[in-house]
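Heads up, the thing below is written out as C-alpha cells.
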Amino acid sequence: MNDDLYSDHHWRSLCERLFDRESDGLGDMLLRWLEEHPAHVAEVREAGRPESHLIPLGSPPNRGFSPLVRLYAMNRILDVLILNYQDPPDDPTASPNEAYPPVGVYPAFCEALGADRIGRRGFHPFFHEVVEVRPVDDPDEPPSIVEERWPGYMMGSMLLMRAGVVVTAGARHLVAGVADRSTLYWTFWRRSRSTRDLSDGWGSNSQWRTDFRRDYLVDGRLHYNVDAILDPWVDEKSLDPASVIEIVRYRCSTIVDHGDDVFPYNDHHVEPAPAD
C-alpha cells in the first residue's frame with residue numbers, strides 16, 4: 001500500500017468517501033484506513049508532541065501539501081463525524097440524523113488515531129465549544145457544564161477537537177443566542193450555526209489548501225493559534241484587543257455578536273492553563 005505523504009491528499013480522499021458509503025461498515029472502513037496509512041497517522045501524532053508548538057508546519061514541501069494542510073483535511077473528517085451529535089437546524093428540508101455517521105464512529109476514530117479524551121469537569125473555551133447557553137438569573141455566574149453533547153480529544157499536547165457542551169452562565173459571561181449561535185470561526189461545518197474558515201470562497205480544489213489551526217497545552221500554558229506566532233502577518237484590526245482575544249479563545253462572539261466578517265486568523269493568545 002502506497003502511503004507516501006506527498007503522492008496524494010489521502011485525508012481529503014477519505015473525507016470525500018464518507019459521503020459515498022452507507023452507515024453500516026463506516027467505522028470499520030475508517031479504522032482500516034488508519035491501519036493502511038501509518039505515515040499519515042504518525043504525522044498527526046508528531047504534531048501533538050509538546051515541542052511541535054514551536055515548529056512551523058505551514059511551509060509546503062517541494063511537492064504535495066504542507067503538514068498543516070493535511071491536518072486541515074483530517075479535521076474536516078472530524079467535523080463530519082460529529083454532525084450526528086448536533087441538533088438539526090431550523091430547516092424542514094435539512095437531512096435527518098441518519099444521513100450522518102453514527103455517533104459511535106467518532107470516538108472510535110479518535111482513539112484509533114491515538115488521541116486522548118478530554119475529561120475536564122470545569123468549562124474552559126480552550127477545551128469546550130459552547131453548543132447551548134442556558135441563562136441564569138445572576139449575570140455574574142460563570143459558565144458551568146451541565147451536559148456534554150460530544151467528547152473532545154487531545155493529540156498529545158495539541159487540541160484535536162473541543163468537546164461540545166451545554167452550559168449555564170450569567171449574561172456578563174455568555175449570552176444565549178450569541179455564544180451558541182454566532183459565527184464559529186476556524187470551523188468548516190456545524191448543523192445549527194454559521195461557520196467560517198479560510199476555505200470559504202475557494203473552489204473545490206483550492207479550498208483543500210487551507211491550514212489547520214493549532215492550539216497547544218504545554219508546560220501549564222495554553223497556546224492559541226500558534227502558527228500566527230510562528231508565521232506572523234500584520235493586518236489592520238477591526239475589533240478592539242479584548243474582542244480579538246475573545247474570538248481567538250472561544251472561536252466565536254460571546255456577549256455581543258461581532259458578525260460573520262471578522263478576520264481573526266492572524267491573531268494568537270497565550271494564557272495560564274486552568275487547574276482542572
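Since we're looking at a predicted model, the values are computed, not measured.
- Side-chain heavy atoms closer than 4.5 Å link hydrophobic residues (I, L, V, M, F, W, Y) into clusters, and following such links, possibly through other members, connects L30 to Y85.
- Residue S157 holds its OG atom at 8.0 Å from CD of E51, rounded to the nearest 0.5 Å.
- Of the possible donor and acceptor atoms, none in the side chain of S243 sits under 3.5 Å from a partner among the backbone N and O of P241.
- A heavy-atom distance below 4.5 Å is found between the side chains of V80 and P101.
- Residues M155 and C110 are not in side-chain contact: their nearest non-hydrogen atoms beyond the backbone lie 4.5 Å or more apart.
- D180 pairs in a side chain to side chain contact (heavy atoms under 4.5 Å, CB included) with only one of the listed residues (L174, V130, T254, V131), which is V130.
- In summary, D197 and R76 do not engage in a salt bridge, as defined by a charged side-chain N under 4.0 Å from a carboxylate O.
- Between H37 and H10, the two ring planes are tilted [angle within 30° to 60°].
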side-chain contact (heavy atoms from CB on, under 4.5 Å) for R209 and W202? Distances and angles first, verdict last.
CA-CA 10 Å; R209 290 189 175 272; W202 294 95; over 6 Å; no
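- Considering E132, E129, Q86 in turn, E132 is the only one that fulfils the side-chain hydrogen bond (donor to acceptor under 3.5 Å, both in side chains) rule with R149.
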Taking it one step at a time, do C15 and M74 satisfy side-chain contact (heavy atoms from CB on, under 4.5 Å)?
CA-CA 8 Å; C15 186; M74 179 274 301; over 6 Å; no
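- Atom CG of D240 is surrounded by more than 12 heavy atoms from other residues, nucleotides or ligands within 6.0 Å.
- Both V41 and Y72 are assigned to one and the same hydrophobic cluster, defined by single-linkage of ILVMFWY side chains at heavy-atom distances under 4.5 Å.
- When every heavy atom of P264 is checked against every heavy atom of V248, the shortest pair comes out as O-CG2, 4.4 Å.
- With contacts defined as side-chain heavy-atom distances shorter than 4.5 Å, the pair V244/H269 does not qualify.
- Between E43 and P67 there is a side-chain heavy-atom pair separated by less than 4.5 Å.
- At a threshold of 4.5 Å between side-chain heavy atoms, the hydrophobic network of Ile, Leu, Val, Met, Phe, Trp and Tyr places I145 and V166 in two separate groups.
- Transitive grouping of hydrophobic side chains (ILVMFWY, heavy atoms separated by less than 4.5 Å) brings M161 and V105 into a common cluster.
- The side-chain heavy atoms of I82 and R190, taken from C-beta on, include a pair separated by under 4.5 Å.
- Taking the six-membered ring where tryptophan is involved, the planes of H53 and Y216 are tilted, since the angle between them lies from 30° to 60°.
- Within the model, atoms CG of L57 and CG of D211 stand 9.5 Å from one another, a figure rounded to the nearest 0.5 Å.
- With respect to E46 and R49, a salt bridge is recorded, a charged nitrogen being found less than 4.0 Å from a carboxylate O.
- Sorted by first then second residue, the ring pair (Phe, Tyr, Trp, His ring centres under 6.0 Å) pairs that include residues 123-149, not counting sequence neighbours, are F123-H128, F126-Y224.
- Taking both residues in full, the closest heavy atoms of A73 and R12 are given as CB-N, 3.8 Å, listed atom of the first, atom of the second, then distance.
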Checking side-chain contact (heavy atoms from CB on, under 4.5 Å) for the pair M154/L159: CA distance, chi angles, key distance, verdict?
CA-CA 5 Å; M154 298 285 295; L159 178 67; 3.7 Å; yes
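- Residues Y153 and F109 place their aromatic rings such that the two centres sit no closer than 6.0 Å.
- Between the side chain of R196 and the backbone N or O of D261 there is no donor-acceptor pair closer than 3.5 Å.
- Looking at heavy atoms from C-beta onward, D79 lies in side-chain contact with T187 at the 4.5 angstrom threshold.
- Looking at T195, its side chain never comes within 3.5 Å of a backbone N or O of L184 through a donor-acceptor pair.
- Taking the ring-ring contact (aromatic ring centres under 6.0 Å, His included) definition, one finds that F212 meets it with nothing, sequence neighbours left out.
- For the atom pair I77 CD1 and E16 CD, the distance stands at 10.0 Å (nearest 0.5 Å).
- The local environment of CG in D140 is crowded, with over 12 non-hydrogen atoms from other residues, nucleotides or ligands closer than 6.0 Å.
- Minimum interatomic distance between G170 and V136 (heavy atoms only, all atoms of both residues): N-CG2, 3.6 Å.
- We find the CD1-CG distance between I229 and D267 to be 10.5 Å, quoted to the nearest 0.5 Å.
- For S194 and T183, the side-chain atoms include at least one donor-acceptor pair closer than 3.5 Å.
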Dump the intermediate steps for side-chain contact (heavy atoms from CB on, under 4.5 Å) on R251 and D215, then the final yes or no.
CA-CA 12 Å; R251 308 194 187 198; D215 294 2; 3.1 Å; yes
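- Between V175 and V133, the closest side-chain pair of non-hydrogen atoms is not below 4.5 Å.
- Judged by distance alone, the side chain of R120 and the main-chain N or O of P274 form a donor-acceptor pair under 3.5 Å.
- The aromatic ring centres of W11 and W208 sit 6.0 Å or more apart.
- In this structure, V44 is not a member of the same hydrophobic cluster as L54, with clusters built from ILVMFWY side-chain heavy atoms closer than 4.5 Å.
- Rounded to the nearest 0.5 angstrom, Y106 OH and W150 CH2 are separated by 8.5 Å.
- Here the shortest heavy-atom pairing between N225 and W186 reads ND2-CZ2, 3.7 Å.
- Closest approach of I247 to L239, counting heavy atoms only: CD1-CD1, 3.7 Å.
- A distance of 7.5 Å separates CG in L78 from CG in L113, rounded to the nearest 0.5 Å.
- Contact record, S253 with H258: OG-N, 2.9 Å, taken as the closest heavy-atom pair.
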